[in-house]
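Structure first, commentary second.
One-based numbering, in listed order, for ligands and for the atoms of each.
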Amino acid sequence: MKIKSICCIGAGYVGGPTMSVIAQKNPNIKVTVVDINKDRIDAWNSVDLSKLPIYEPGLDKVVSESRGRNLFFSTDVDKAIFDSEMIFISVNTPTKTYGAGKGMAADLKYVELCARQIAKVSKSDKIIVEKSTLPVKTAEAIKNILDNTGSGVHFDILSNPEFLAEGTAIKDLEFPDRVLIGGEQTTEGNLAINKLVQIYSSWVDSTKIVTTNLWSSELSKLTANAFLAQRISSINSLSELCEKTGADIDEVATAIGMDSRIGSKFLKTSVGFGGSCFQKDILNLVYICKSLGINEVADYWEQVIIMNNHQRTRFAKNILTSLYNTVAGKKITILGWSFKKDTNDTRESAAIYVADNLIDEEASIHVYDPKVSAKQMHLDLNNLNSREKSLNTRMLNVEESPYDASKNSHAIAILTEWDEFKGYDWEKIYASMNKPAFIFDGRNILDKTKLEKIGFIYKAIGKQ
Ligand code: UDX
Ligand code: ADP
């Protein structure tokens, strides 16, 4: 029997796009995405598709095709759970900010609440799918809660980690490198796995659907992100060496990436990786290793985070030293606040930390980002708790255009690789700035020769 009704708890960056694509590819399955956040659900239901709560290229088209047909967004969590045969848990699992494992372990309170709610409401057998990134063995905890608090109905637990990257979510969902489904190695477990395989088979080739046991699936997600982040920290560590020796980091990356064993992707040096996953998942991995007493393994992975923090701080310090060791009272422009281009997500974005460092030095920060709201930027900075909120409000100015942001400024820091930055009228920007005018390219996306010809002092990461 094929699944006919699905619900997804959590209408965020993962749940929203994933369910939209599942609904688009499976018109015969009713897909309901629920969230406790009413504003978010209202935004998913907005008639004006430019008002969807997350910005993701191509998402509007996918949503408009299925919404109202077999894709629904709602705040009625209980009804959706009750009506569905398969329930995806796609709620947030941030790093814990309190108690045991503070700053390292994943906070599972939202997941646990979901499990308890599912147990309370369910009156028929259900397949529960872990979609959020979770520590290994979380499925066991979910199963315990469901079996001990439910009213006798049968639950199968699957792990189906999401590998989409923000900014390319729709493409990643439509053409995944692989779909990973972990389940219990029992007859019932295998039946549940097959039901989820059928859903993905509507558009994914069967050779790309990998089935494993539960723990392998959970651990693979954490380690995939750890490996990816490790590559960025590796190339970023070398960027500092390049600056001291005269080697060019982009040339080094090209040269080593041509070795087919290394591969060319994910070797772009930057001001540091951000996003909701890399740091959180590595901290989680480190915490698990420490809990198991394998400290050498924990230290090995922790170094990836240490290097990333160093890259952000080093970038801010470079601005300070280049501007004659003082930025106090100087206007500094930040172009780009999101953690990468083509998304409005700012979680763990390097821009937050660079701005914070520069405000410590009493610089006046003026930011322009094409997709991030002023409210979000202030929230991000305030969440660091570095100083009085009123001081943040005074020091962080959000501008409507790059030209306003750079007028009378001493330096520009490029912190996100938005394509539009390349097309600006840089002569006009230069003319409006204080001299000497600096550009610190945290993404190495601009044309050094052209900018230097205009008069800028141009500094890229990993270049002398
Ligand atoms: C990541 C994983 O790629 C994805 O598979 C997983 O499901 C979630 O975490 P995401 O965080 O959305 O996705 O974006 P990603 O493209 O991986 O970029 C993460 C950060 O690394 C960004 O800040 C990006 O700018 C940075 N990055 C990426 C680099 O600095 N250099 C690179 O070469 C690649
Ligand atoms: P991700 O990037 O993992 O998708 P988000 O924070 O963007 O994370 O989305 C998670 C969503 O889950 C949020 O919109 C949040 O309101 C929602 N959520 C958390 N707990 C619950 C719950 N118990 N019931 C319904 N929605 C929840």
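A side-chain N or O of T93 and one of K280 form a donor-acceptor pair less than 3.5 Å apart. Under the 3.5 Å distance criterion, with hydrogens and angles disregarded, a donor-acceptor pair is assigned to the side chains of K126 and S124. No side-chain donor from either of S74 and D76 sits under 3.5 Å from a side-chain acceptor of the other.
The single protein non-hydrogen atom nearest to atom 12 (O) of ligand 1 is E166 N, 2.7 Å, given as residue, atom name and distance. For atom 23 (O) of ligand 1, the closest non-hydrogen atom on the protein side is F339 O, 2.8 Å. Scanning the protein for heavy atoms near atom 14 (O) of ligand 1, the closest one is K340 NZ, 3.2 Å.
Those atoms of ligand 1 with a heavy atom of K268 less than 4.0 angstrom away are 29 (C), 30 (O), 31 (N), 32 (C), 33 (O). Those atoms of ligand 1 with a heavy atom of C277 less than 4.0 angstrom away are 8 (C), 9 (O). Every atom of ligand 1 is numbered from 1 in the order shown, and the set under 4.0 Å from a heavy atom of E162 is 7 (O). Using a 4.0 Å cut-off to heavy atoms of S270, the atoms of ligand 1 that qualify are 29 (C), 30 (O).
Put simply, the side chain of T333 gets close to the backbone of A405: a donor and an acceptor are under 3.5 Å apart. Listed for the D356 side chain is no donor-acceptor partner under 3.5 Å among the backbone atoms of I352. The main-chain N or O of D83 is found under 3.5 Å from a side-chain atom of S5 such that the two form a donor-acceptor pair. When atom types are taken as modelled, the side chain of E56 and the backbone of T168 share a donor-acceptor pair closer than 3.5 angstrom. In this structure, the side chain of E130 does not engage the main chain of I157 through any donor-acceptor pair within 3.5 Å.
Of the heavy atoms in T343, none comes closer than 4.0 Å to ligand 1. Residue contacts with ligand 1, taken as heavy atom pairs separated by less than 4.0 Å, involve N225 solely via side-chain atoms from C-beta onward.
Both cation-pi conditions hold for R178 and F163: the charged atom is under 6.0 angstrom from the six-membered ring centre and inside a 45 degree cone around its axis. Taking the ring centre of F440 as origin, the terminal cationic atom of K459 falls outside the region bounded by 6.0 Å and 45° from the ring axis. Remark: R312 is positioned above the aromatic ring of Y353, its terminal NZ or CZ atom under 6.0 angstrom from the ring centre and at most 45 degrees off the axis.
Considering backbone and side-chain N/O of A165, none are found under 3.5 Å from N/O of ligand 1. For the pair R443 and ligand 1, the shortest N or O to N or O distance falls below 3.5 Å. No N or O atom of F273 sits closer than 3.5 Å to an N or O atom of ligand 1. Distances between N or O atoms of I232 and those of ligand 1 include no value under 3.5 Å. Ligand 1 has no nitrogen or oxygen under 3.5 angstrom from a nitrogen or oxygen of G272. Considering both main-chain and side-chain atoms, T269 never comes within under 3.5 Å of ligand 1 through any nitrogen or oxygen pair.
Using the six-membered ring where Trp is involved, F227 and W301 have ring planes that are tilted, between 30° and 60° apart.
With atom 1 (C) of ligand 1 as the reference point, the heavy atom nearest to it among Y13, F163, F278 is part of F278.
For D342, the side-chain hydrogen bond (donor to acceptor under 3.5 Å, both in side chains) criterion is met by no residue, not counting sequence neighbours.
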Note down each nitrogen or oxygen pair, ligand 2 side and protein side, whose separation is under 3.5 Å; give only atom names and the distance to 0.1 Å.
residue  : atom   : partner : partner atom : Å
ligand 2 : 2 (O)  : R347    : NH1          : 3.4
ligand 2 : 2 (O)  : R347    : NH2          : 2.9
ligand 2 : 4 (O)  : Y13     : N            : 3.1
ligand 2 : 4 (O)  : V14     : N            : 2.9
ligand 2 : 7 (O)  : Y13     : N            : 3.1
ligand 2 : 7 (O)  : R40     : NH1          : 3.4
ligand 2 : 7 (O)  : R40     : NH2          : 3.3
ligand 2 : 9 (O)  : R40     : NH1          : 3.4
ligand 2 : 14 (O) : D35     : OD1          : 3.3
ligand 2 : 14 (O) : D35     : OD2          : 2.6
ligand 2 : 14 (O) : R40     : NH1          : 2.6
ligand 2 : 16 (O) : D35     : OD1          : 2.6
ligand 2 : 26 (N) : I36     : N            : 3.4

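Within the structure, the closest approach of K221 to ligand 1 falls below 4.0 Å when heavy atoms are considered.
Residues I439 and I414 meet the side-chain proximity criterion, which asks for heavy atoms closer than 4.5 Å.
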